[in-house]
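All residue numbers refer to positions in the sequence shown, counting from 1.
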Amino acid sequence: PLEVVASKHPFIASSRVEEQLADGTAATVEYGSTPLNRFLRPSTKAFNRLHGPSPVLHFFGMRPSVSRAALDAVFQAYGLEPPVTMKVFDKAGETKSGLLQWTSVDMATAVLTLCNHYQFPGGDDGMLKLAFSASTRIQ
């Protein structure tokens with residue numbers, strides 16, 4: 001199980017000494033001023049929707065050809081139960097997206113942890129991307 005403990009420090013301070021890894025790259029990198037930081041630009045506000053854990057995951061990035069059976073096989077390969085409900089959004093496009101519901105928040109969290117960014121074999125079926133949904137159940 002994952003254990004989270006509160007830090008005794010009120011903030012994360014930058015290191016005064018630039019440490020290097022064995023391969024010569026920097027041990028720490030500052031990402032606060034990068035143009036890829038989605039929290040700094042108003043144009044990326046739509047991507048700032050953060051949702052706490054729920055039994056429902058939003059999936060996206062898969063090709064429409066990926067079947068429910070193929071998706072269930074991914075979860076079972078990691079020793080996880082398949083979702084109890086699946087809703088695919090009716091959108092014409094290159095990728096499939098929708099919602100998946102599990103019996104518990106713990107199971108959805110395990111799926112997100114183990115299966116996020118799963119690359120389907122062959123490379124033609126896209127990548128399974130997962131995120132917690134604001135929904136708590138699929139209607």
**Prompt:** With hydrophobic residues grouped by side-chain heavy-atom distances under 4.5 Å, do Phe59 and Leu80 end up in a single group?
**Reply:** yes
**Asked** Quick one: do Val84 and Leu99 end up in the same hydrophobic cluster if we chain Ile, Leu, Val, Met, Phe, Trp and Tyr together by side-chain heavy atoms under 4.5 Å apart?
**Response** no
**Request:** Would you confirm whether Ser54, through its side chain, and Ser133, through its main-chain N or O, come within 3.5 Å as a donor-acceptor pair?
**Result:** yes
**Prompt:** How far apart are the C-alpha atoms of His117 and Leu128, what are their side-chain angles, what is the distance that settles it, and do they pass the side-chain contact (heavy atoms from CB on, under 4.5 Å) test?
**Reply:** CA-CA 5 Å; His117 291 136; Leu128 174 62; over 6 Å; no
**Stepwise side-chain contact (heavy atoms from CB on, under 4.5 Å) test for Leu57 and Trp102** = CA-CA 8 Å; Leu57 296 179; Trp102 275 267; 3.6 Å; yes
**Message:** Please check this pair: side chain of Asn116 against backbone of Leu130, looking for a donor-acceptor N/O pair closer than 3.5 Å.
**Reply:** yes
**Asked** Would you say Thr95 and Pro64 make side-chain contact, with heavy atoms under 4.5 Å?
**Response** no
**Request:** Report yes or no: does Ser135 contribute a side-chain atom to a donor-acceptor pair with the main-chain N or O of Ile138 at less than 3.5 Å?
**Result:** no
**Message:** Does any part of the side chain of Phe75, heavy atoms only, come nearer than 4.5 Å to the side chain of Glu81, both counted from C-beta?
**Reply:** no
**Request:** Check the pair Leu71 / Leu100 against side-chain contact (heavy atoms from CB on, under 4.5 Å), numbers first and verdict last.
**Result:** CA-CA 10 Å; Leu71 196 56; Leu100 301 166; 4.0 Å; yes
**Prompt:** Are any side-chain N or O atoms of Lys96 and backbone N or O atoms of Val88, one a donor and one an acceptor, separated by less than 3.5 Å?
**Reply:** no
**Prompt:** Taking C-beta and beyond as the side chain, do Phe132 and Val56 meet within less than 4.5 Å on heavy atoms?
**Reply:** no
**Item:** Student check: side-chain heavy atoms of Arg68 and Met86 closer than 4.5 Å
**Value:** yes
**Complete:** Taken to the nearest 0.5 Å, the spacing of Phe120 CZ from Met127 CE works out to 10.0 Å
**Request:** Measure the spacing between CG of Leu2 and OG1 of Thr109 and express it to the nearest 0.5 Å.
**Result:** 10.0 Å
**Prompt:** Which atoms form the tightest heavy-atom contact between Tyr118 and Val74, and what is the distance?
**Reply:** CE2-CG2, 3.5 Å
**Message:** Please determine whether side-chain contact (heavy atoms from CB on, under 4.5 Å) holds for the pair His58 and Phe89, giving the CA-CA distance in whole Å, both sets of side-chain angles, and the decisive distance to 0.1 Å.
**Reply:** CA-CA 10 Å; His58 175 77; Phe89 298 144; 3.6 Å; yes
**Item:** Nearest-0.5 Å distance that lies between atom CD in Gln101 and atom NZ in Lys87
**Value:** 11.5 Å
**Item:** Heavy-atom donor-acceptor pair, Gln119 side chain to Gly126 backbone, under 3.5 Å
**Value:** yes
**Request:** Verify the distance criterion only: is there a donor paired with an acceptor across the side chains of Asp23 and Thr25 at less than 3.5 Å?
**Result:** yes
**Message:** I'd like to check Pro55 versus Thr103 (side-chain heavy atoms, cut-off strictly below 4.5 Å). Are they in contact?
**Reply:** no
**Message:** If you count heavy atoms of other groups shown closer than 6.0 angstrom to CZ of Arg137, is the number above 12?
**Reply:** no
